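Worksheet: the structure to be examined is printed underneath.
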Amino acid sequence: MHKSVNKVSERKAAYIFILPAVVLLAAFLIYPSLQTVRYAFTDYNIMRPDRIVFCGFNNFAELFQDEDFWIAVKNTLYFTVLVVPFQTVLALALALLISSRRKGVAIFRAAYFSPQVTSMVVVAILWTVMYNSSPDSGLLNALLVNLGLEPCGFLNDPNTAMNSIIFMSAWQGAGYQMMIFLAGLQGISAEQYEAASIDGAGKIASFFYVTLSGLKNVIQYVVMITVIQAMKLFTQPYVMTKGGPQNSTRTLVYYIYEQGFQKRNFGYACAVAAIFFVIVISLSLGMKKIIKAD
Amino acid sequence: MTKRKTLGNIAFYLGNTLIALIFVSPLIWMISSSLKPEAQIFKGLNSLSTFIPTGASLSNYAEVFQRINMWKFIGNSLFYVLVIILLDLLVNSICGYALAKFEFKGKNLLLTLVISLMVFPAEAIMLPMYREMADLGWINSWASLIVPFVAKCFSIYMFRQFFLDIPNELLEAASIDGCGPVKTFFQVVMPISGTVYATIFILDFVAHWNDFMWPLLVVTGEEKRTIQLAIQTFFGSKPINYGPIMASLTISAIPMLLMFIFLQKYYVEGIAQTGIKG
């Protein structure tokens with residue numbers, strides 16, 4: 001008797017407990033997601049919200065002809081393909097540098113993590129100033145000239161603008177992944193290294209067979225979150241280049257923003273958003289599957 | 001052996017010091033420039049002395065506070081971020097608790113939903129979300145900055161994972177003492193779950209302190225301007241003096257820095273946990 005009363009009050013409590021989260025998720029996550037899909041099939045212009053006409057696959061057909069869209073896709077993929085390995089290797093190298101029980105490690109850890117503590121906007125503004133293309137007012141060009149190299153256009157040159165953003169983003173983001181790697185490295189026991197050295201493995205061999213193989217799951221996880229984060233690139237081009245020069249840093253999210261809010265083609269922007277959505281979801285599901293398969 | 005150890009130590013400290021200095025040099029330059037008179041900032045960029053603030057003064061900082069209402073913008077950010085966090089801690093922890101400890105119809109469905117919604121990119125739905133805010137009359141209001149971001153699948157999941165480990169005997173004992181399930185949660189479970197609350201607190205703080213794109217869309221005037229929008233606006237407004245710009249960047253990093261000094265442990269734990277549980 002007592003038990004069943006408990007069950008009833010428990011069920012009641014459960015519904016009260018989940019209610020706020022469920023309502024909020026439905027209103028601000030699920031509903032707008034469905035709306036994205038709906039608007040993608042309309043010619044919705046933000047200036048005429050009273051007049052939304054269904055237009056079938058027109059937006060998507062137009063997209064495939066839209067050169068700017070493909071440039072945005074290309075730029076986003078370019079950024080992702082380069083920043084992910086660069087940042088992951090950098091983060092792993094930093095983690096290895098300080099995975100030691102010596103005194104003072106916390107100071108180095110804090111140093112490598114410090115760009116994370118300053119926000120992306122701060123870092124983007126700072127590097128915009130440092131990337132100035134004149135050696136007289138750009139710190140990095142002054143350094144290049146000092147080293148006897150030619151000054152570089154950095155953000156002003158369509159050939160180097162995205163690479164400059166990649167370099168800065170990896171510097172800013174590596175500290176986060178480093179923390180995950182550090183936790184992973186703690187999971188590898190000293191016995192595993194001893195066993196490897198008894199088997200005659202040198203430093204390099206034990207790095208590959210013990211460290212890297214012990215970190216396999218962590219590396220997969222880090223790559224997954226970095227890929228997803230990279231696909232969402234927006235703040236850096238918005239602050240540093242406004243998508244230029246010559247569209248060289250215009251990304252998918254930037255294009256959604258531009259079409260939806262600056263050019264007011266809401267329906268069209270939703271079509272881009274829907275495609276972006278599909279790409280990100282399939283990437284994360286695909287990578288999850290790979291991780292699970294191991 | 002000891003000799004080798006000493007050599008190893010020297011290599012470790014020397015190598016790390018050098019690499020760490022190079023790594024943080026942009027931030028050193030930022031702080032150093034924020035203290036310099038304008039004319040000095042771009043002088044001698046090609047020598048190491050550019051990292052040392054000669055003739056240091058706080059006049060750039062004074063100029064920032066004179067030109068824009070920095071306190072207000074920091075206050076705005078602190079306010080809306082803290083409200084999000086408090087609501088997040090309440091709403092998502094009770095939901096996570098229900099998913100961990102209660103039996104009810106639809107439980108598995110909800111859990112599956114929470115896990116799959118975790119990967120939804122907010123950037124893909126911001127257009128209809130903006131429209132929704134406009135329909136609700138929330139553009140340029142605190143509500144638009146706060147309400148859509150209270151419920152978070154990630155937080156629900158983290159809370160659930162934590163509450164799963166709380167022994168059922170403890171909950172049964174509370175129930176024998178006459179506590180209903182709601183009272184049990186608030187009086188027994190919550191007080192012993194400080195770690196998970198602290199972890200979500202700092203993860204949330206970092207995430208929302210950095211908010212940029214959404215405030216850019218829904219905040220129009222100075223009234224609700226966030227700190228990130230404020231420094232971005234300041235960067236583009238005339239007269240462009242780099243000393244004050246660097247000072248504004250430095251100031252805006254301070255709240256997060258303080259948060260880290262106090263809650264670093266939980267942040268590191270939070271990152272590590274997400275990586276391992278993934």
Side-chain angles (χ1 to χ4, degrees), chain A residues 6 9-11 13-15 17-18 20-21 24-25 28-29 32-33 35-36 39 97-98 100 102 108 111-112 114-115 117-122 125-127 129-130 136-137 139 142 145-146 176 179-180 183-184 218 221 232 234-235 239 253 256 260-261 266 269-270 273 276-277 280-281 284, chain B residues 9 12 15-16 19-20 23-24 26-27 29-30 42 45-46 50 91-92 94-95 97-98 102-104 110 117 119-121 123-125 127-129 131-132 147-148 150-151 156 175 180-182 209-210 212-213 217 228 231-232 235 242 245 249 252-253 256-257 260 268 271-272 275-276 278:
Chain A
N6 251 359
S9 75
E10 188 184 294
R11 206 176 317 141
Y15 290 126
F17 273 19
I18 63 169
L24 288 168
L25 287 176
F28 300 111
L29 193 57
S33 302
Q35 287 291 76
T36 304
Y39 290 145
L97 268 176
I98 55 171
S100 136
R102 291 181 174 90
F108 298 126
Y112 299 142
S114 59
V117 177
T118 48
S119 70
M120 183 52 91
V121 178
V122 168
I125 294 173
L126 172 63
W127 282 73
V129 177
M130 296 197 322
D136 296 324
S137 43
L139 183 63
V145 170
N146 249 10
Y176 184 85
M179 289 291 190
I180 303 179
V218 180
Y221 172 76
K232 299 176 181 175
F234 172 77
T235 305
V239 174
V253 175
I256 296 172
F261 293 98
F266 225 69
C270 280
F276 168 73
F277 187 85
V280 172
I281 297 287
S284 47
Chain B
N9 270 335
F12 174 84
N16 267 302
I19 294 167
F23 204 80
V24 298
L27 298 175
W29 191 72
M30 172 180 92
F42 298 110
L45 272 182
N46 55 358
T50 184
V91 165
N92 298 316
I94 55 178
C95 183
Y97 183 71
F102 292 157
E103 286 308 323
F104 57 94
L110 181 60
L117 291 179
V119 291
F120 267 43
E123 288 79 357
I125 61 171
L127 298 153
M129 189 101 109
R131 168 70 201 265
E132 202 179 346
V147 181
V150 168
I156 296 174
S175 137
V182 177
W209 183 260
N210 280 319
F212 181 67
M213 192 177 193
L217 300 178
Q228 309 297 342
I231 52 172
Q232 203 265 331
F235 179 50
Y242 287 97
I245 287 171
L249 299 184
S252 76
M256 191 122 103
L257 190 69
F260 264 95
V268 173
I271 298 183
I276 289 160

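Fair warning: this is a prediction, and the values are worked out from it, not measured in the lab. Residue numbers start from 1 in every chain, and the chains themselves are labelled A, B, ... in the order their sequence lines are given, proteins ahead of strands.
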Review point. Chain B: which of A:Pro20, A:Ala14, A:Ala273, A:Ala111 shares the most heavy-atom pairs with it under 4.5 Å?
Key: A:Ala14

Point to revise | Structural part of A:Ile18 lying under 4.5 Å from a heavy atom of chain B | key: both

Study note, to complete from the structure: Cut-off 4.5 Å, heavy atoms of chain B, and the answer for A:Ser137 is both

Review point. For B:Ile245, is it the side chain, the backbone, both or neither that has a heavy atom under 4.5 Å from a heavy atom of chain A?
Key: side chain

Check your understanding: Top residue by heavy-atom pair count (under 4.5 Å) with chain A, among B:Pro26, B:Ala151, B:Ala253?
Key -> B:Pro26

Exercise for review: Would you please test B:Gln228 and B:Asn210 for side chain to side chain contact (heavy atoms under 4.5 Å, CB included) and show each step?
Suggested key: CA-CA 7 Å; B:Gln228 309 297 342; B:Asn210 280 319; 4.2 Å; yes

Study note, to complete from the structure: If you tally heavy-atom pairs under 4.5 Å between each of B:Val24, B:Leu27, B:Leu257 and chain A, the highest tally belongs to B:Leu27

Point to revise | Backbone N/O of A:Val239 and side chain of B:Gln232: donor-acceptor pair under 3.5 Å | key: no

Practice item. Please test A:Arg102 against B:Phe12 for side chain to side chain contact (heavy atoms under 4.5 Å, CB included), starting from the C-alpha separation and ending with a verdict. Key: CA-CA 9 Å; A:Arg102 291 181 174 90; B:Phe12 174 84; 3.3 Å; yes

**Study point:** Part of B:Val268 lying under 4.5 Å from any heavy atom of chain A
**Key:** side chain

Check your understanding: Based on non-hydrogen pairs under 4.5 Å, which of B:Leu117, B:Leu45, B:Asn16 is most in contact with chain A?
Key -> B:Asn16

Check your understanding: Does any heavy atom of chain B fall under 4.5 Å from the side chain of A:Tyr176, the backbone, both, or neither of them?
Key -> both

**Study point:** Geometric class of the A:Phe266/A:Tyr39 ring pair [parallel <30°, tilted 30-60°, perpendicular >60°]
**Key:** perpendicular

Review point. So A:Met130 and B:Trp29, side chain to side chain contact (heavy atoms under 4.5 Å, CB included) or not? Walk me through it.
Key: CA-CA 9 Å; A:Met130 296 197 322; B:Trp29 191 72; 3.7 Å; yes

Practice item. Determine, stepwise, if the pair A:Leu29 / B:Ile125 fulfils side chain to side chain contact (heavy atoms under 4.5 Å, CB included). Key: CA-CA 8 Å; A:Leu29 193 57; B:Ile125 61 171; 3.7 Å; yes

**Study point:** Residue part contacting chain B, namely of A:Phe276, when any heavy atom lies under 4.5 Å
**Key:** side chain

Check your understanding: Step by step, would you call A:Ser119 with B:Trp209 a side-chain hydrogen bond (donor to acceptor under 3.5 Å, both in side chains)?
Key -> CA-CA 8 Å; A:Ser119 70; B:Trp209 183 260; 5.5 Å; no

Check your understanding: If you round to the nearest 0.5 Å, how far is CZ of B:Arg131 from OG1 of A:Thr36?
Key -> 12.5 Å

Point to revise | chain B contact via A:Asn146 - side chain, backbone, both or neither, heavy atoms under 4.5 Å | key: side chain

Point to revise | Heavy-atom contact with chain B under 4.5 Å, split by part of A:Tyr112 | key: both

Review point. So B:Tyr97 and B:Asn92, side-chain hydrogen bond (donor to acceptor under 3.5 Å, both in side chains) or not? Walk me through it.
Key: CA-CA 8 Å; B:Tyr97 183 71; B:Asn92 298 316; over 6 Å; no

**Study point:** Between A:Val129, A:Thr118, A:Val145, A:Ile98, the one whose heavy-atom pairs under 4.5 Å with chain B are most numerous
**Key:** A:Val129

Exercise for review: Pick one of side chain, backbone, both or neither for B:Glu132, based on which atoms fall under 4.5 Å of a heavy atom in chain A.
Suggested key: side chain

Review point. Between CD of A:Glu10 and OH of A:Tyr15, what distance do you get to the nearest 0.5 Å?
Key: 11.0 Å

Review point. Measuring heavy-atom distances to chain B, does A:Val122 have an atom under 4.5 Å in its side chain, in its backbone, in both, or in neither?
Key: both

Revision key, fill the gap. Scored by heavy-atom pairs under 4.5 Å with chain A, the best of B:Gly180, B:Ala124, B:Ser252, B:Ala98 is B:Ala124

Revision key, fill the gap. Value for CD (B:Glu103) from CZ (A:Arg11), rounded to nearest 0.5 Å, stands at 10.0 Å

Exercise for review: Look at B:Thr50, B:Ile156, B:Val150, B:Ile19 and state which one has the largest set of heavy-atom pairs under 4.5 Å with chain A.
Suggested key: B:Ile19

Practice item. Select one option (side chain, backbone, both, neither) describing which atoms of B:Phe23 are under 4.5 Å from chain A's heavy atoms. Key: both

